[in-house]
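Step one of this worksheet: look at the structure below.
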Amino acid sequence: LTVLATSDLHGARVPELPALRDAAGEACVVVDNGDTLGGLSALAFATASAPRRCDTLAWLQSVGAAAWNLGNHDLDDGVAALRERVAQGAVPALCGNLTVDGAPPVSGHVVCETPAGRVGIAGALTPMARQMWAPGLKARTGLGDPQVALEADCRRLRESCDFVVALAHFGLPLPPVDPRHPEPVVENPGDVVLARLSARETGGRPLADCVVMGHTHVVRCDVVDRTAW
């Protein structure tokens with residue numbers, strides 16, 4: 001199985017993705033890991049002629065994406081806009097630790113069939129997202145522990161799937177930006193989640209075969225003493 005993942009598109013496209021998908025063959029899943037729609041004024045929420053239709057989700061559908069995980073910026077346009085885009089149905093939306101008005105607006109996981117076998121995909125969002133949202137949005141939303149959500153969904157998927165992919169819209173802990181304040185950026189618990197999801201369960205399989213991270217816009221990093229640089 002080949003997993004092709006995008007993250008933090010902010011309304012952009014990846015021209016190389018169709019060719020990569022074709023080269024990978026049929027035993028391939030395409031996933032997106034959040035901040036798919038908004039966040040940058042020049043790219044935010046590109047729309048086509050149909051009301052509220054999102055070009056980015058239509059593009060993900062055109063490249064055969066199996067799921068997209070919600071990122072913090074995907075709610076920038078409010079709850080109603082998010083629900084309209086989810087209802088567009090182009091690609092299943094995921095987020096296992098988000099509630100809106102007391103109920104989950106999307107599922108925490110999805111299952112798709114490939115020639116390599118059944119693939120379960122789970123998603124979760126950094127709880128620090130609420131600190132970036134407007135007061136009205138914060139009043140309507142709740143974010144649980146992403147590690148708990150991903151563990152629960154991955155364990156459920158492990159029972160019936162040949163492969164499990166976890167989409168975590170947060171990354172590895174970043175080093176301090178200001179040397180006067182040496183504390184690392186703690187909103188990105190990726191090291192802890194990666195260790196937990198890769199731990200061998202009964203039967204010798206990890207909870208997740210592949211963990212995709214994002215949010216931090218770090219294209220490549222080295223990890224030293226559990227800190228990404």
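Just so it is clear, the values below take in all heavy atoms, side chains as well, and ignore hydrogens, waters and symmetry mates.
Going from atom OG of S107 over to atom CG of D153 covers 7.0 Å, rounded to the nearest 0.5 Å. For the atom pair CZ (R155) and CG (L207), the distance works out to 5.0 Å, reported to the nearest 0.5 Å. The CG atom of L167 sits 11.0 Å away from the CE atom of M213 when rounded to the nearest 0.5 Å. Put simply, SG on C154 and CD on E159 are 12.0 Å apart, with the number rounded to the nearest 0.5 Å. The structure places SG of C161 at 8.0 Å from NE2 of H109, a figure rounded to the nearest 0.5 Å. With values rounded to the nearest 0.5 angstrom, D32 atom CG is found 8.0 Å from W68 atom CH2.
Using a distance-only test at 3.5 Å, with no hydrogens or angles considered, a donor-acceptor pair links the side chain of D8 to the main chain of H215. Formation of a donor-acceptor pair under 3.5 Å by the N69 side chain with backbone atoms of A124 is found in this model. Looking at N97, its side chain does come within 3.5 Å of a backbone N or O of L125 through a donor-acceptor pair. Within the 3.5 Å criterion, the main-chain N or O of G117 finds a donor-acceptor partner in the side chain of T114. For R140 (side chain) and D101 (main-chain N/O), no donor-acceptor pair under 3.5 Å exists by modelled atom type. Remark: the backbone N or O of A168 is paired with a side-chain donor or acceptor of N33 at under 3.5 angstrom.
Linking ILVMFWY side-chain heavy atoms closer than 4.5 Å, directly or via other members, places V212 and V14 in two distinct hydrophobic clusters. Cluster annotation: V111 is not connected to I121 through the hydrophobic network of ILVMFWY side chains, with a link wherever side-chain heavy atoms come within less than 4.5 Å. V31 and V86 are not part of a single hydrophobic cluster, where members link through side-chain heavy atoms under 4.5 Å apart. Hydrophobic clustering (side-chain heavy atoms under 4.5 Å, transitive across Ile, Leu, Val, Met, Phe, Trp, Tyr) keeps V110 apart from V211. The same ILVMFWY cluster, assembled from side-chain heavy atoms under 4.5 Å apart, contains both V106 and L137.
In this structure, V29 and L4 have side chains that are not in contact, with every pair of non-hydrogen atoms separated by 4.5 Å or more. For the pair V30/L17, a side-chain contact is recorded, criterion being any heavy-atom separation below 4.5 Å from C-beta on. Between C28 and L1, the closest side-chain pair of non-hydrogen atoms is not below 4.5 Å. Counting only heavy atoms from C-beta outward, the side chains of F163 and L157 never approach each other to under 4.5 Å.
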Go through it in stages, so that I can follow the logic: the residues are R118 and D162, the test is salt bridge (Lys or Arg N to Asp or Glu O under 4.0 Å), and I'd like the CA-CA distance, side-chain angles, deciding distance and then a yes or no.
CA-CA 5 Å; R118 286 169 59 88; D162 300 293; 5.9 Å; no
I would like to know whether D77 and L37 meet side chain to side chain contact (heavy atoms under 4.5 Å, CB included); could you show each step before the answer?
CA-CA 9 Å; D77 212 22; L37 309 176; over 6 Å; no
L150 and V193: side chain to side chain contact (heavy atoms under 4.5 Å, CB included), yes or no, with the steps?
CA-CA 8 Å; L150 283 174; V193 172; 4.0 Å; yes
Would you check, one step at a time, whether the test side chain to side chain contact (heavy atoms under 4.5 Å, CB included) holds for L70 with L98?
CA-CA 9 Å; L70 297 185; L98 173 69; 3.7 Å; yes
Give the intermediate values and the outcome of side chain to side chain contact (heavy atoms under 4.5 Å, CB included) for residues Q61 and L57.
CA-CA 6 Å; Q61 182 182 33; L57 292 179; over 6 Å; no
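What you find for G144 and P127 is that their closest heavy atoms are O-CB, 4.3 Å. G123 and L94 get closest at one heavy-atom pair: N-CD1, 4.2 Å. Looking at every heavy atom in both residues, F170 comes nearest to P189 through CD1-CD, 3.7 Å. For A66 against C112, the heavy-atom pair with the smallest separation is CB-SG, 4.1 Å. Closest approach of N72 and W133 over heavy atoms only: O-NE1, 2.9 Å. Residues D35 and H73 come closest through the heavy atom pair OD1-N, 2.8 Å.
D209 and R158 are joined by a salt bridge, as a carboxylate oxygen and a charged side-chain nitrogen come within less than 4.0 angstrom of each other. Between D74 and R85, no side-chain nitrogen of the basic residue sits less than 4.0 Å from a carboxylate oxygen of the acidic one, so the salt-bridge criterion is not met.
Using modelled atom types and a 3.5 Å distance limit, the side chains of H217 and H10 yield a donor-acceptor pair. A donor and an acceptor atom, one from each side chain of Q147 and E151, are located under 3.5 Å apart. Of the N and O atoms on the side chains of T2 and R21, not one donor lies less than 3.5 Å from an acceptor on the other residue.
With a 6.0 Å radius and a threshold of 12 heavy atoms from other residues, nucleotides or ligands, E26 has its CD atom at or below the threshold.
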